[in-house]
Amino acid sequence: LRENQLMAHRVINDLEVESGIRLNHKEILEEVGQITGHIRVILGGNVKEMAAAVAQAKLMGLEIKEIISISKNLLDFESAISAELEAELLTGKQLNLEKARLAALTGDEKTLMEEVKKNAGSLVEFGKMNVLQQEALAKAMGMSVDTMSDMLFQQDVAGRSVEQLRAAGEEE
């Protein structure tokens, strides 16, 4: 048990160094302890993999259950591809979610999250879209508009100091 905790802390520390963002270790370890069923199977029951997946999700402003939901939505190939084409048509944005779908199929949650992040764009871009465009883009990514908005907001403020946010005009 203690060895697993130390391993999980090392994984989280590595992600903190890589991202430059501090994470709440206790919160991540608690969430890892609650992983059961299919999610545990997908992550191989490996504490290191579970800690990495939960920490990666937190860095994106999501919960591991939301990542699994995104994965499942992307694996509904007919609907996912249709949603991707609709989003491209409405937004004029070129999406490429093939790697995300492959990652979802193989249970590679880290690559899945990276691909979703790469295709999602920025909070500013998302904010400039109309409601239909936002809904289409979120659906193409396998999530709700609220989830996507929260994810983009978290990514926008993550790793920036209060002074940097204020300088960028983001007093709130």
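Fair warning: this is a prediction, and the values are worked out from it, not measured in the lab. Only heavy atoms go into these numbers, but all of them, side chains included; no hydrogens, no water, no symmetry mates.
- Using a 4.5 Å heavy-atom threshold, the side chains of Lys26 and Leu29 count as separate.
- Evaluation of the ring pair (Phe, Tyr, Trp, His ring centres under 6.0 Å) test over residues 63-93, restricted to residues two or more places apart or in two chains, returns none.
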Show every donor-acceptor pair shorter than 3.5 Å between a side-chain atom in residues 106-113 and any protein atom, with sequence neighbours excluded, or say none if there are none.
| unit_1 | atom_1 | unit_2 | atom_2 | d |
| --- | --- | --- | --- | --- |
| Thr106 | OG1 | Leu102 | O | 3.1 |
| Thr106 | OG1 | Ala103 | O | 3.3 |
| Asp108 | OD1 | Thr111 | N | 3.2 |
| Asp108 | OD1 | Thr111 | OG1 | 3.3 |
| Asp108 | OD2 | Thr111 | OG1 | 2.6 |

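- Using a 4.5 Å heavy-atom cutoff, the side chains of Gln154 and Met151 are not in contact.
- Remark: Ser79 pairs with Asp76 by the side-chain hydrogen bond (donor to acceptor under 3.5 Å, both in side chains) rule, at least two apart or across chains.
- In plain terms, the two heavy atoms of Ala140 and Ala83 that are nearest each other are CB-O, 3.6 Å.
- Pairs engaging residues 4-29 under the ring pair (Phe, Tyr, Trp, His ring centres under 6.0 Å) rule: His9-His25 [sequence neighbours left out].
- Separating the CD atom in Glu86 from the OG1 atom in Thr91 is a distance of 10.0 Å, to the nearest 0.5 Å.
- In the hydrophobic clustering of ILVMFWY residues, with side-chain heavy atoms under 4.5 Å counting as a link, Phe153 and Met148 come out together.
- Side chains of Leu95 and Met141 form a contact here, defined as non-hydrogen atoms less than 4.5 Å apart.
- Considering CG of Leu137 and CE of Met143, their distance stands at 8.5 Å, rounded to 0.5 Å.
- Residue-environment remark: CD (Gln5) exceeds the threshold of 12 foreign heavy atoms within 6.0 Å.
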_With salt bridge (Lys or Arg N to Asp or Glu O under 4.0 Å) as the criterion, how do Lys117 and Glu114 come out once you've worked through the C-alpha distance, each side chain's angles and the decisive distance to 0.1 Å?_
CA-CA 5 Å; Lys117 183 177 178 179; Glu114 289 169 355; over 6 Å; no
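- For Lys93, the NZ atom is densely surrounded, since the number of other residues' heavy atoms within 6.0 Å is greater than 12.
- Contact detail for Leu152 and Ala120: the closest heavy-atom pair is CD2-CB, 4.0 Å.
- Hydrophobic clustering, with ILVMFWY side chains joined whenever heavy atoms are under 4.5 angstrom apart, groups Ile21 together with Ile12.
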Output side-chain donor-acceptor pairs under 3.5 Å for residues 127-135, partner residues at least two apart or in another chain, one line each.
| unit_1 | atom_1 | unit_2 | atom_2 | d |
| --- | --- | --- | --- | --- |
| Asn130 | OD1 | Leu132 | N | 3.0 |
| Asn130 | OD1 | Gln133 | N | 2.8 |
| Gln133 | OE1 | Asn130 | N | 2.9 |
| Gln133 | NE2 | Leu90 | O | 2.8 |
| Gln134 | NE2 | Phe126 | O | 2.7 |
| Gln134 | NE2 | Met129 | O | 3.4 |

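- A heavy-atom distance below 4.5 Å is not found between the side chains of Asn96 and Gln94.
- Taking all atoms of both residues into account, the shortest heavy-atom contact from Ala52 to Leu15 is O-CD1, 3.8 Å.
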*asked:* side-chain contact (heavy atoms from CB on, under 4.5 Å) for Val54 and Ile35? Distances and angles first, verdict last.
replied: CA-CA 10 Å; Val54 171; Ile35 293 176; 3.8 Å; yes
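- Side-chain N or O atoms of Lys72 include none that pairs as donor or acceptor with a backbone N or O of Gly142 at under 3.5 Å.
- A distance of 8.0 Å separates CG of Asp150 from OG of Ser144, quoted to the nearest 0.5 Å.
- With a 4.5 Å cut-off on side-chain heavy atoms, Met7 and Val47 do not count as touching.
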N/O donor to acceptor pairs below 3.5 angstrom from side-chain atoms of residues 55-68, sequence neighbours left out:
| unit_1 | atom_1 | unit_2 | atom_2 | d |
| --- | --- | --- | --- | --- |
| Lys58 | NZ | Glu27 | OE2 | 3.2 |
| Lys58 | NZ | Glu31 | OE1 | 2.9 |
| Lys58 | NZ | Glu63 | OE1 | 2.9 |
| Lys58 | NZ | Glu63 | OE2 | 3.1 |
| Glu66 | OE1 | Glu63 | N | 2.7 |

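- Between Ala8 and Ala51, the shortest heavy-atom contact is CB-CB, 3.8 Å.
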